[in-house]
Every structure is written in structure tokens, then in C-alpha cells.
Amino acid sequence: KTLAFLLPSIERLLEADLDLFKPGLTIGMIIVAPTRELAIQIAAQAEALLTFHNDMDVACVYGGTKIQRDVRLLSGPRLPTILVATPGRLLELCESTRIGRRKFSEIAEETRIVV
């Protein structure tokens, strides 16, 4: 089931207009998963599919961990191509987090695909 939506979504990102989606500068896809376990599973499958795409990576954020871990993960030199998140953590990031000088909610608005 996971591959059924990941494959076409990743294909859309690979074919995306580079004026709209810039790997490392914008998040290409946000996937909302209802549980931590499912989020981890989806992220692992996405990483496997992106093995040979060196300019694309995956981040997985979920509750039950310190939000600072997620902020550090998103504040690295590059934004992830695919962000897998649970609803609560995604909401928490959108409401109160800044990545560099920008609000996370502004970064999320630029996302091309939301699954």
C-alpha cells in the first residue's frame, strides 16, 4: 500500500518544474501519517526509493520526542524532499517553529504535494 502512493508521488517530484520545486531549498512532499509506527514505515520506504537520487532525502517527525530534535533535523543545510509527519507534530511545528528566519508554516505552504 505504501508504494502505491509513494511511487507516483515521487515521480511527480522528479518531473516537477524546478522553478516551483527546488531540492534542498523547499520541501517537495509532506506525508501525514496517523501513527508514529506508520510514519517510520513510510519514511523507510521513501528512503529506499530515493537511494539513487543523491539530491533528495527524507525526514520523519512525530510526537513523543523533543521538538528540538525535529527543529535540528529541519534546520540542517538542506530541507528534506519528503517530510513524513504525524498530525500533532506537524501542527506543533506549524504553530510555533522557526527554521532559520522563516516560520515553518511558510515553508510548508510552498510544498508541492501533500499526501
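Just so it is clear, the values below take in all heavy atoms, side chains as well, and ignore hydrogens, waters and symmetry mates. For the single chain, residues carry numbers from 1 onward in sequence order.
- A search for side-chain contact (heavy atoms from CB on, under 4.5 Å) contacts involving Q68 returns V71, R72, not counting sequence neighbours.
- Contacts of L14 classified as side-chain contact (heavy atoms from CB on, under 4.5 Å), with partners at least two apart in sequence or in another chain: I10, E11, H53, M56.
- The cluster map of Ile, Leu, Val, Met, Phe, Trp and Tyr, joined by side-chain heavy atoms under 4.5 Å apart, puts F5 and L50 in the same cluster.
- When side chains are defined from C-beta on, L49 counts as touching L7, because their heavy atoms get closer than 4.5 Å.
- T2 meets the side-chain hydrogen bond (donor to acceptor under 3.5 Å, both in side chains) test with Q41; sequence neighbours excluded.
- When side chains are defined from C-beta on, T97 does not count as touching L74, because their heavy atoms never get closer than 4.5 Å.
- Note on residues 36-64: no pairs pass salt bridge (charged side-chain N to carboxylate O under 4.0 Å, His left out), not counting sequence neighbours.
- In this view, A43 and V58, C60, V84 satisfy the side-chain contact (heavy atoms from CB on, under 4.5 Å) rule, not counting sequence neighbours.
- The shortest heavy-atom contact between G28 and L13 is O-CD2, 3.5 Å.
- Every residue meeting the salt bridge (Lys or Arg N to Asp or Glu O under 4.0 Å) condition with R89, not counting sequence neighbours, appears here in chain and number order: D70, E92.
- Hydrophobic cluster membership for Y62: I40 (Ile, Leu, Val, Met, Phe, Trp, Tyr linked by side-chain heavy atoms under 4.5 Å, directly or transitively).
- Nearest heavy atoms, L73 versus A59: CD2-CB, 3.7 Å.
- With rounding to the nearest 0.5 Å, the separation of NZ in K1 from CG in L38 is 10.0 Å.
- A continuous path of ILVMFWY side-chain contacts below 4.5 Å connects I27 to I67, so both sit in one hydrophobic cluster.
- Between A46 and L6, the shortest heavy-atom contact is N-CD1, 3.7 Å.
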